[in-house]
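These notes concern the structure reproduced below.
Start at 1 and go down the list; that is how both ligands and their atoms are numbered.
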Amino acid sequence: MLKLESVHKVYNKGKSNEFEALKGIDLKVNDGELVAIIGKSGAGKSTLLHILACIDSYESGKYCIDDTLVRNLSEKKLAEIRNKKIGMVMQDFALVDDFSCIENVLLPLDFSRKKISDKKTKAMNALKSVGMDSMAKKSVNKLSGGQKQRVAIARAIVNEPSVVLADEPTGALDSKTSAEIMELFHALNRKGKTVIIVTHDLEIAKQCNRIIEISDGKII
Ligand SMILES: Nc1ncnc2c1ncn2[C@@H]1O[C@H](COP(=O)(O)OP(=O)(O)OP(=O)(O)O)[C@@H](O)[C@H]1O
Ligand SMILES: [Mg+2]
């Protein structure tokens with residue numbers, strides 16, 4: 001379970017360009033939910049997702065993942081939580097372009113003590129689950145947008161996290177490819193994973209069990 005209580009996020013605190021991007025977010029997401037976060041550009045969707053993913057901090061309030069309060073944790077502990085619990089698909093894929101698909105998917109396993117052959121099996125399984133195993137050795141810069149998105153999803157799920165977060169995963173895709181990518185998220189959700197998707201697209205949002213709208217840093 002993910003739970004936010006009165007979470008505030010301030011960028012550039014104490015400087016002249018200080019900006020409060022989240023103004024007291026209360027949100028509870030139960031295990032196995034499929035949730036959409038919508039809202040206008042600049043509303044704070046990515047900011048919220050980054051906090052949920054433990055890749056950004058917040059100024060006040062509380063964020064708990066299951067029984068762990070995510071606040072003032074060491075970088076080591078944060079990395080451990082991210083590795084075990086959370087898979088993140090970033091707004092612009094954030095793949096390493098001149099790496100192959102499998103090399104990208106292996107990245108989150110870099111720090112694991114597993115044998116390299118086991119890591120490769122895991123990475124291939126993740127690629128298989130998104131239909132990209134046949135292109136494992138292909139360089140990412142030779143892929144289409146939809147194929148890149150599939151590799152980004154494979155990388156997010158390679159550690160078998162219980163929560164998958166995706167920032168505009170269909171933003172740059174045509175409608176047919178969007179539907180295919182959404183089917184991957186539905187499949188992950190059917191397997192019991194909590195899935196949270198940020199989207200501009202109301203049609204995508206309607207496919208989720210719950211829609212949360214953010215406006216000007218607040219849930220409305
Ligand atoms: N690193 C940063 N430093 C300062 N301000 C920031 C930073 N990141 C985001 N902001 C500001 O915080 C607000 C929320 O940004 P955020 O990226 O969360 O919006 P968003 O809802 O994801 O928008 P989009 O739909 O365009 O991706 C915006 O006004 C943005 O300019
Ligand atoms: Mg964004």
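Not counting sequence neighbours, Ser178 has no partner by the side-chain hydrogen bond (donor to acceptor under 3.5 Å, both in side chains) test.
For atom 28 (C) of ligand 1, the nearest protein heavy atom lies under 4.0 Å away.
Salt-bridge formation is not detected for the pair Glu80/Lys76: no Lys NZ or Arg NE/NH1/NH2 atom is positioned less than 4.0 Å from an Asp or Glu carboxylate oxygen. Taking a cutoff of 4.0 Å between a charged side-chain nitrogen and a carboxylate oxygen, Lys13 and Glu59 do not qualify as a salt bridge.
Closest heavy-atom contact between Ile212 and Leu27: CD1-CD1, 3.1 Å.
By the 4.5 Å heavy-atom criterion applied to side chains, Leu73 and Ile81 are counted as neighbours.
Contacts of Asn17 with ligand 1, taken as heavy-atom pairs under 4.0 Å, are absent altogether. Only the backbone of Lys40 comes within 4.0 Å of ligand 1, counting heavy atoms alone; no side-chain atom from C-beta on gets that close.
Summary of contacts: the protein heavy atom closest to atom 26 (O) of ligand 1 is Ser41 OG, 2.5 Å. When only non-hydrogen protein atoms are considered, atom 30 (C) of ligand 1 lies nearest to Phe19 CE2, 4.6 Å. Among all non-hydrogen protein atoms, the one lying nearest atom 9 (C) of ligand 1 is Tyr11 CE1, 3.3 Å. From the protein, the heavy atom lying nearest to atom 14 (C) of ligand 1 is Gly42 O, 3.3 Å.
Every heavy atom of His50 sits 4.0 Å or more from the atoms of ligand 1. Contact between Gly39 and ligand 1 is absent, with no heavy atom of the residue lying under 4.0 Å from the ligand.
Under the 3.5 Å distance criterion, the side-chain polar atoms of Lys45 are matched with a main-chain donor or acceptor of Gly39.
Atom 25 (O) of ligand 1 has its nearest heavy-atom neighbour, among Gln91, Lys45, Glu168, in Lys45.
Within the structure, salt bridge (charged side-chain N to carboxylate O under 4.0 Å, His left out) contacts touching residues 181-201 (residues at least two apart or in different chains) are Glu183-Arg190.
Per-residue contacts place Ala43 under 4.0 angstrom from the following atoms of ligand 1 (heavy atoms of the residue considered): 19 (O), 21 (O).
In the hydrophobic clustering, Ile211 connects to Ile38, Leu202, either directly or through intervening members, whenever side-chain heavy atoms lie under 4.5 Å apart.
Ordered by chain and number, Ser46 OG, Gln91 OE1 make up the set of protein N, O or S atoms under 2.8 Å of the Mg ion (ligand 2).
For ligand 1, the polar-atom distance check finds no N/O of Ala21 at less than 3.5 Å from any of the ligand's N/O atoms.
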